[in-house]
**Q** 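Take this structure, written in C-alpha cells, and hold onto it; I'll ask about it next.
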Amino acid sequence: MESNELRRIYLQFFKEKNHAIIPSASIMPDDDPTVLFTTAGMHPLQVYLMGQPHPAGNRLANCQKCLRTGDIDDVGDATHLTFFEMLGNWSLGDYFKKEAITMSWEFLTDTRWLGLDPEKISVTVFEGDEEVPRDEESANYWREVGIPDDRIHYLDRSENWWGPAGETGPCGPDTEMFYDTGKNPCSETCRPGCNCGKFFEIWNDVFMSYNKKADGTYEKLKQHNVDTGMGIERTVAVLNGMQSVFEIDSNAPLVEKVMKLARIKEPMNEEQQRAIRIIVDHIKAATFILADDKHLPPSNLGQGYVLRRLIRRTIRQGNLLNIKQQFLPELAYFVINFYKETYPELERNKEFIIENFTQEEDKFSKALRRGLRKFNKILKEKETITAEDAFLLFTSFGFPLEITTELATEQGITINLEVFKEEFEHHRDLSRKATAGTFQSGLADHSERTTRLHTATHLLQQALREILGDHIEQKGSNITPERTRFDFNHPKNLSMEELKKIEDIVNQKIKEALPVYKEIMTPQEAKEQGALGFFEDRYEGKVSVYSVDSFSKEICTGPHVTNTQEIGNFRIQKQKNIGTGLMRIRATVD
Ligand code: SER
C-alpha cells in the first residue's frame, strides 16, 4: 500500500459515507495568531467545530498537510516527523460516537478497504476525571464491533484527550486505535500508548464537545462534533510491516538520494542514519512552507525563522555527511514532483521554492564553512574549545552558539555557558560605556506621544521588512514627541507605491487593535524566537522583548502602548537618502 493509494481509498470511503471532500488548507493558518503552523486537520476547521455552518455541509473529510515542530529534536528516530499528511473525517454536529467508531472499524477491517486483522487491533478510551466522565459509551461501541475487554484500555487525560490546537478552542476526549506489530512486549506493563514500537497508533477519533477558554476552564459546546486523524506516513509503514516511516514510498527515494549524494553504502552507522532522516524530513517541511502561495521567505521572525532553522539544520546535517555540492534544490525537486498532483501549489511556486533554497544554501554554507574552518583551527592549536572561543566564533564569524556547542559535544568538549555569558556581559559593559547616554532606545521623553510613536516604529520596521525584504534592519532611531526618525539599510529612495503600502500596513495593524506585550527572556531565547534587535550589545542575564501580537517582535526597553489602537493614525512625512546605503524615514502619528 502506497501513500497515494491510502489517501485515495480513505477519501473514497468517506465519500461513500456522504462526506464532502474538502481541500487541504494552507500549512500556515490564516487566522489563528496563537500558532505558527497547521498542526492537524481540525485546525482550519475550528470555527465550524464551534458552531459556524460549513459551506460544504456537516460531514467533511480531507487530507491535510501538517507541520509540528514540538518534537523537532526527536526527528531522526523511526517515527518522528515535523512534516506529515493527516487524513481526517469530521462531523459538525452530525453523527457522534457510535457512527464514528463503526465507520473507523469498517475502514480498518473490511476487506474492501484496509482489511486489517481485527485480532491485532486494540483501542484506548478516556478513563474520566473530575471534569469529564469516563467514556464508557465509546468502550461499549468497541465491544459491539467485537473488541474484547482485554484490548480496550482506559487511559488518562494525558493520553486520551485531544486539543485545542492553539491555546483555546474545541477539544474533547478521544479514542485511539493501535495496531500490534507482533514485536515482543517491552515489559509487563507494555500496552497501547507505550513507545517501544510494539503498538503503532494509526487513528484517533476525537469527540469534540468542549471548548477550552482563555482562563483554562472548559465549557460544553452547543453541538457534538467528531474530529478524526490518521497520519499517512505511520499508517503506510504499519500496512507494509515496515520498521520506520522513512521506509515508505514518499521517503525511501529521498533517503536513497541523500545516500548517493553522501556516497554512503549500506550498512550505515546510526549517526549517518539520523542525519539522513533529519535531511529527508526537514527538506519536505521546508519545501511545503515555501510552496505556500503566501510566498514566505526564510527570515529571523516567526514562521520565516522556523523555515530558516529547518533549512540550516538540513545544511548542517549535509555537512556532517560530507556532502560537498549544493544539494537542497535537487531534493526539493523530488518533493515537488512526488506531491504535485495532490498539492498543485508545489508546481505553481516551484521557482520561488528553488530560488530560496539556492540562496539560503549559498549564504549559510559559506558562514558554516568559514566558522568550521576557524573552529577546527582552534581545536587543533589548543586541543579544546573554550567559551571565549565560542564567543569569538559568534561575534566575528556569525557562527550560532548552538552549532558551536553541537560541534564541541561531538568532540567530547563541554562549553562553559556561564563563562560565555560573562564574556558577553563584559563586552556589553564596554559597548555601553562607549554609547553611554544615547542608548535609551533613542527615547528622550516618555510622554504619551513618544510611547505611541515608539510602538509605531516597531510596526514601521516590520512593514518595511514585509515590503522591501527581511534584510532590512534598524540602523538608527530617534524619537521625539513630534515624530519618529528611523534609519535602515536600503540603497535608494522608495517608490510612492512602496511608501503607501508601508503606511497602509502600519495603519491596518493599528486598526486590528493588536495586543502589545512584554516578555522577559535570555537573549538566546529572544534570538531563537526570531526577535529583532542588537544581541551582541545587549547580552546580559535577561532582556525584555516586545511583541505586537504575532506581527512584530523586538528586543527593546520600551515603553509601549498596550494595544495598537492607542497609536492613532500613522503618517509617513518624508524619506531621505542619507548615503552609504542608508535611508531615513520620518513619520508621525495624529
Ligand atoms: N486532531 C486529532 C489529532 O491530531 C484528530 O484529528 O490526532
Side-chain angles (χ1 to χ4, degrees), residues 6-7 10-11 13-14 17 19 21-25 27 29 32 34-50 54 58-71 79-92 94-97 99-101 103-105 107-108 123-126 132 135 138 155 157-179 192-193 195 199-212 218 221 224-238 245:
L6 175 63
R7 194 190 302 108
Y10 183 94
L11 297 178
F13 176 83
F14 283 100
K17 305 282 181 197
H19 288 63
I21 311 302
I22 58 171
S24 170
I27 201 162
D32 185 350
T34 66
V35 274
L36 296 177
F37 295 100
T38 302
T39 54
M42 60 74 71
H43 196 166
L45 297 172
Q46 290 183 95
V47 290
Y48 308 107
L49 293 160
M50 297 288 290
H54 191 286
N58 51 16
R59 287 181 174 220
L60 311 172
N62 86 348
C63 178
Q64 174 67 44
K65 45 189 175 172
C66 299
L67 192 81
R68 290 186 188 174
T69 53
D71 295 333
T79 52
H80 282 92
L81 295 169
T82 59
F83 172 80
F84 60 96
E85 293 179 87
M86 188 183 276
L87 294 163
N89 57 286
W90 292 275
S91 154
L92 305 174
D94 189 53
Y95 59 82
F96 202 43
K97 297 182 180 178
E99 296 86 338
I101 288 175
M103 285 191 281
S104 290
W105 184 252
F107 184 71
L108 290 176
V123 298
T124 60
V125 294
F126 183 51
V132 176
D135 193 3
S138 292
L155 301 181
R157 196 176 270 263
S158 67
E159 308 262 0
N160 279 76
W161 183 276
W162 206 93
E167 279 146 32
T168 58
C171 54
D174 68 39
T175 177
E176 301 180 10
M177 290 146 261
F178 292 82
Y179 187 77
N195 275 330
F199 299 99
F200 240 84
E201 183 198 330
I202 45 178
W203 208 348
N204 183 12
D205 289 0
V206 190
F207 304 116
M208 298 203 145
S209 35
Y210 295 88
N211 173 34
K212 186 175 181 187
Y218 297 87
L221 286 173
H224 285 317
N225 306 292
V226 176
D227 152 44
T228 92
M230 173 186 273
I232 288 202
E233 292 78 1
R234 276 164 172 257
T235 307
V236 171
V238 166
V245 290

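Start at 1 and go down the list; that is how both ligands and their atoms are numbered. All of these numbers come straight from a predicted model, not from anything done at the bench.
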**Q** Specify side chain, backbone, both or neither for Glu201, according to which of its non-hydrogen atoms lie closer than 4.0 Å to ligand 1.
**A** neither
**Q** Of all the non-hydrogen atoms in the protein, which one sits nearest to atom 7 (O) of ligand 1, and at what distance?
**A** Asn204 ND2, 3.1 Å
**Q** Is a donor from one side chain sitting under 3.5 angstrom from an acceptor on the other, for Tyr95 and Asn58?
**A** no
**Q** Hey, does Arg68 sit under 4.0 Å from ligand 1 if you only count heavy atoms?
**A** yes
**Q** Pairing donors with acceptors under 3.5 angstrom, does anything connect the side chains of Asp174 and Trp162?
**A** no
**Q** Side chains of Asn225 and Tyr210: donor-acceptor distance under 3.5 Å anywhere?
**A** no
**Q** Under 4.0 Å from any heavy atom of Val206, which atoms of ligand 1 are there?
**A** 2 (C), 5 (C)
**Q** Determine whether the side chains of Trp203 and Thr228 contain a donor N or O and an acceptor N or O closer than 3.5 Å.
**A** yes
**Q** List ligand 1 atoms under 4.0 Å from Met42, heavy atoms only on the residue side.
**A** 1 (N)
**Q** Got an N/O contact under 3.5 Å between Met86 and ligand 1?
**A** no
**Q** Taking the side chain as every heavy atom from C-beta outward, state whether Phe207 and Phe96 have any pair of such atoms under 4.5 Å apart.
**A** yes
**Q** Using only atom types and a distance under 3.5 Å, with no angle test, would you say the side chain of Asp71 pairs donor to acceptor with the backbone of Leu81?
**A** no
**Q** Check the orientation of Phe14 and Phe107. Use parallel for under 30°, tilted for 30 to 60°, and perpendicular for over 60°.
**A** tilted
**Q** As an exercise, identify every atom of ligand 1 less than 4.0 angstrom from a heavy atom of Asp227.
**A** 1 (N), 2 (C), 5 (C), 6 (O)
**Q** Can you list the ligand 1 atoms lying under 4.0 Å from a non-hydrogen atom of Gly229?
**A** 5 (C), 6 (O)
**Q** Going by the atom numbers of ligand 1, which of them fall below 4.0 Å from some non-hydrogen atom of Thr228?
**A** 5 (C), 6 (O)
